[in-house]
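So the structure is just underneath, and the comments pick up after that.
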Amino acid sequence: MNPTEVREALETGLIRVRRSARRRKTIAVSREGESWLLAVPQRYDPVRNARSIGELIGRVQRRSARAPRSDEALMSRATALNERYFDDGVEPVSVRWVGNQSTRFASATSAERSIRVSDRMREVPEWVLDALLVHELAHLRRPDHSAEFRALTARYPHTERAEAFLEGFSAGERSARGEQRPSGE
């Protein structure tokens, strides 16, 4: 998006601005349906910074273009990961994006061998999505979070890094909703 397009999008509401007294230096952009939500510090001038906003939106669009957009592509990705890390005859029957998981990243039903991934995860890096899929594929074998389950998820080399990413992702979502985690957690 070039600076002129950014200015027009700001005027028409295609880019909505959310100001925060807590945010000091950074800006963030996320997709909300057909529009964009721009989180900025209180005194940030979006019109004056249209070029950097356009560059940020471009990066988000390029990153999301790499993520599997269809259920078929997600199933294909899960099948490839299943063969690579498990290859034991246990196969998912369905893997699909869902829009009704606002707190979970993904879930699995081992009896049906189905996996559902929150559409909030469409924007995460590929290695994080892969870690989520491996996690749910492991649930097809172990429905708990036992040591055996953890050993299965550890087969994917980026599991710990993805868990840290998702912890930060959750904190960001809670912060955006104005929630705070109780002290001691």
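The shown structure was predicted, so the numbers you read here are calculated from the model rather than taken from an experiment.
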Can you check whether Glu55 reaches Arg51 side chain to side chain, under 4.5 Å on heavy atoms? yes
Ignoring hydrogens and angles, tell me if any N or O in the side chain of Glu5 forms a donor-acceptor pair with the backbone of Asn2 under 3.5 Å. yes
Results of ring-ring contact (aromatic ring centres under 6.0 Å, His included) for Tyr44 - residues two or more places apart only: none
If you draw a 6.0 Å radius around CZ in Arg104, do more than 12 non-hydrogen atoms from other residues or ligands fall strictly inside? no
Heavy-atom side-chain contact between Tyr156 and Leu133 under 4.5 Å: no
Which pair of heavy atoms, one from Asp119 and one from Gly99, lies closest together, and at what distance? OD2-CA, 3.5 Å
Hey, does Ile53 have a side-chain heavy atom less than 4.5 Å from the side chain of Val29? no
So CZ of Arg120 and OG of Ser30: to nearest 0.5 Å the spacing works out to 12.5 Å
Are the side chains of Leu137 and Arg141 in touch, meaning some heavy atoms are under 4.5 Å apart? yes
Distance-minimising heavy-atom pair for Val90 and Arg113: CG1-CD, 4.5 Å
All heavy atoms of His139 vs all of His145, minimum pair found to be NE2-NE2, 3.3 Å
To the closest 0.5 Å, what do you measure between OG (Ser110) and CG (Asp144)? 10.0 Å
Decide whether Ile27 and Val17 are clustered together by the hydrophobic rule: side chain heavy atoms of Ile, Leu, Val, Met, Phe, Trp, Tyr closer than 4.5 Å, transitively. yes
Can you tell me how far apart CD (Gln42) and CZ (Arg24) are? Round to the nearest 0.5 Å. 9.5 Å
Exercise: identify the closest heavy-atom pair between Phe105 and Leu132: CB-CD2, 3.6 Å
Quick one: do Leu140 and Val93 end up in the same hydrophobic cluster if we chain Ile, Leu, Val, Met, Phe, Trp and Tyr together by side-chain heavy atoms under 4.5 Å apart? no
ILVMFWY network linking Leu37 to Leu56, side-chain heavy atoms under 4.5 angstrom: no
Can you list everything that forms a ring-ring contact (aromatic ring centres under 6.0 Å, His included) with Phe165? Sequence neighbours excluded, please. Trp127
Check: Trp36 and Val60 side chains under 4.5 Å, non-hydrogen atoms: yes
Check: Thr109/Arg116 side-chain N/O donor and acceptor closer than 3.5 Å: yes
Any chance you could lay out the side-chain hydrogen bond (donor to acceptor under 3.5 Å, both in side chains) test for Arg96 and Ser94, step after step, and finish with the verdict? CA-CA 6 Å; Arg96 61 190 174 91; Ser94 75; 4.8 Å; no
So, taking the atom named CD in Glu91 and the one named CE in Met75, what distance separates them when rounded to the nearest 0.5 Å? 7.5 Å
Glu126/Arg77 ion pair, N-O < 4.0 Å: yes
pair Met121-Leu166: side-chain heavy atoms closer than 4.5 Å: yes
I need the minimum non-hydrogen distance between Glu136 and Ser107, along with the two atoms involved. OE1-C, 3.3 Å
Just verifying a value: how many Å separate Glu148 CD and Thr153 OG1, rounded to the nearest 0.5 Å? 11.5 Å
Using modelled atom types only, decide if a donor and an acceptor are shared between the side chain of Asn82 and the backbone of Ala78 within a distance under 3.5 Å. no
Residue pair Arg18, Ser20: steps toward the side-chain hydrogen bond (donor to acceptor under 3.5 Å, both in side chains) verdict: CA-CA 7 Å; Arg18 180 181 295 152; Ser20 170; over 6 Å; no
In terms of heavy-atom contacts, Ile115 and Ala108 come closest through CG1-CB, 4.1 Å
Measuring from Leu81:CG to Asp130:CG, what's the distance to the nearest 0.5 Å? 4.5 Å
Please assess Phe86 against Val134 for the test side-chain contact (heavy atoms from CB on, under 4.5 Å), listing each intermediate value before the final yes or no. CA-CA 9 Å; Phe86 300 109; Val134 167; 4.1 Å; yes
If we only count heavy atoms from C-beta on, is the Leu129 to Val117 side-chain gap below 4.5 Å? yes
For Arg161, does the CZ atom have more than 12 heavy-atom neighbours from other residues, nucleotides or ligands under 6.0 Å away? yes
What I'd like to find out is whether the side chain of His135 reaches to under 4.5 Å of the side chain of Phe149, using heavy atoms alone. yes
